[in-house]
Number of protein chains: 2
Amino acid sequence: MRLKSFMKKMDKADKEQKIFQAALSLFAHFGYRKTTVEDVAVKVGMTKSNIYFYVKNKQDLYEKSVSHALEKWRDTIAAEIETVDSAKEKFAIAAGRSFEYLEDHGELRALLIKDPDIFTLSPSEDRFYEVNRGAMMMLKAVIQQGIDEGVFYPVDVDHVTEFLFSVYIMFLIKTYVKSDGSSSERMYEEGLALIFRGLCKT
Amino acid sequence: MRLKSFMKKMDKADKEQKIFQAALSLFAHFGYRKTTVEDVAVKVGMTKSNIYFYVKNKQDLYEKSVSHALEKWRDTIAAEIETVDSAKEKFAIAAGRSFEYLEDHGELRALLIKDPDIFTLSPSEDRFYEVNRGAMMMLKAVIQQGIDEGVFYPVDVDHVTEFLFSVYIMFLIKTYVKSDGSSSERMYEEGLALIFRGLCKT
DNA sequence: ATTTGAATTTTTGAATCAATTATTCAAATA
DNA sequence: TATTTGAATAATTGATTCAAAAATTCAAAT
């Protein structure tokens, strides 16, 4: 039946969600090695072997779980950016809300600390390249819009985007992964202001 | 004898230099684990046990060797900064020559690749904090001078310095430690231009 | 199409041991 | 006195083994 198979697909997507959420929670608490596929299965109420119906192997389970969380993050910011019109406002929202989101999601934060290489300065060893590339394209669109509107300097969009995204990753690392006493917030504000000034025509 | 003990001190400093250079070269080629204290001793023409007259242990040998190289780097830039007067010029020299120096010193570069954590975004886990702090203070002085001269915006010097130094470290990591195909140079130019624009009054 | 239990393969961690390497130090030297 | 050495000791590493735990497969069941 068409309808039935459609229903089943929904179920499957739902179940995948459940698995990814449960897995993320465990990975965040205990780390990759200390969480077993069986732990995840138990938490989600199925058998170990059934997990393999949804993912290729444990590594795949991990990557899909993290990707899923990162996509949710990115899409949340994307939606918020859509609520305003001007490039300046969009830039401010992207910069501000990205951090607030992480502030509000302790589990994701815990995961970043367990596995600091989730954010890397090296695209070629970025295990979540696709998600991050998406985020970067979002930023690029904002910058391009600002240039088109004539409020941003006509910079080299690709390289400036890459630069700003790297600075963003740097801030994430400094704030959540290698957080010291953290005058890091103040540094973020000052650095952002400096960049904003360098980006906007007066 | 006063004179004699003075002479001996010179000799000692010389020999330390020799040891540090030899050690750095070996560490850069073979990495920390694969180079033995004896390798260093042989290369410098003394006995293994005599190395311990100059350093506390192998770890100390490594740290002193790297610190020594980093200090030389920093002092070279410091000297070059002194050759010009204006804050803008000093900033440009600091930004440009730091990278060129590394470009010219393959052994130091090789070392960075063997031990990527020499440069960290986290001051609290920076094994070479003192040297790096010195470099940061240099940068801070330039920014302060620019503000005093009235050519830079009156920014929060401490936090902006910290920000710029972090960006500098980020570039080093991206360019030499995690270098991809490296459109990294172009990104550096664009990012630097953006920052410079955000820093300088028009 | 999804789930399961049981079987199989792979990985991990602890334990052992020999060889290598780091470190100490009393005696020698300059 | 400052520096160097050889010889002795202590600590670390790497290879190997092996049993337990965990990952993965799959034929059969729902």
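The sequence lines fix the lettering, A, B, ..., with proteins before strands; numbering per chain opens at 1.
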## Note on the structure
Closest to the 5' end of DNA chain C, once B:Lys58 and A:Tyr54 are matched to their nearest nucleotides, is A:Tyr54
### Contact list for residues 64-74 of chain B, test salt bridge (Lys or Arg N to Asp or Glu O under 4.0 Å), sequence neighbours left out
B:Asp60-B:Lys64
Mind calculating the distance between [atom1] ([X]) and [atom2] ([N]) to the nearest angstrom?
{"X": "A:Tyr52", "N": "C:dA6", "atom1": "OH", "atom2": "P", "value": "18 Å"}
{"X": "B:Gln59", "N": "C:dT23", "atom1": "CD", "atom2": "C1'", "value": "14 Å"}
{"X": "B:Lys15", "N": "D:dT4", "atom1": "NZ", "atom2": "C1'", "value": "9 Å"}
{"X": "B:Lys18", "N": "D:dT3", "atom1": "NZ", "atom2": "C1'", "value": "16 Å"}
{"X": "B:Ile51", "N": "D:dT4", "atom1": "CD1", "atom2": "C1'", "value": "12 Å"}
{"X": "A:Asp60", "N": "D:dA23", "atom1": "CG", "atom2": "C1'", "value": "14 Å"}
{"X": "A:Phe53", "N": "D:dC26", "atom1": "CZ", "atom2": "P", "value": "16 Å"}

### Task
Hey, could you give me each pair passing ring pair (Phe, Tyr, Trp, His ring centres under 6.0 Å) that has a residue in residues 147-166 of chain B? Not counting sequence neighbours.
A:Phe171-B:Phe163, B:Phe165-B:Tyr168
### Message
Strictly by side chain to side chain donor-acceptor pair (under 3.5 Å), give each pair with a member in residues 41-53 of chain A just once, sequence neighbours left out.
### Response
A:Ser25-A:Lys43
When you compare the protein's N or O atoms with those of nucleotides 28-30 of chain D, which come within less than 3.5 Å of each other, and at what distance?
none

### Query
For A:Thr83, what residues pass the side-chain hydrogen bond (donor to acceptor under 3.5 Å, both in side chains) criterion, not counting sequence neighbours?
none
#### Entry: salt_bridge(A:Glu100, A:Arg97) N-O dist < 4.0 Å
yes
### Closest contact, heavy atoms only, B:Thr120 versus A:Lys178
OG1-NZ, 3.9 Å
Only counting residues at least two apart or in another chain, list the ones meeting salt bridge (Lys or Arg N to Asp or Glu O under 4.0 Å) with [X].
{"X": "A:Asp115", "result": "A:Arg127"}
{"X": "B:Lys140", "result": "B:Asp158"}
{"X": "A:Glu149", "result": "none"}

#### Entry: Counterpart residues, side-chain contact (heavy atoms from CB on, under 4.5 Å), relative to B:Asp104 (two or more places apart)
none
### Query
Which residues satisfy the side-chain contact (heavy atoms from CB on, under 4.5 Å) test with B:Leu102, sequence neighbours excluded?
B:Trp73, B:Leu108, B:Arg109, B:Leu112, B:Leu172, B:Tyr176
#### Entry: Identified stems (criterion: three or more consecutive Watson-Crick or G-U pairs, under 3.5 Å), DNA chain D
C:1-30 with D:1-30
### Close residues, residues 29-49 of chain A, relative to DNA chain C [heavy-atom separation under 4.0 Å]
A:Arg33, A:Met46, A:Thr47, A:Ser49
### Message
What contact category does B:Asn50 fall into here, base, sugar-phosphate, or nothing, at under 4.0 angstrom with non-hydrogen atoms?
### Response
base
### Residue-phosphate contact under 4.0 Å: B:Lys56 side-chain N/O, C:dT23 OP1/OP2
no
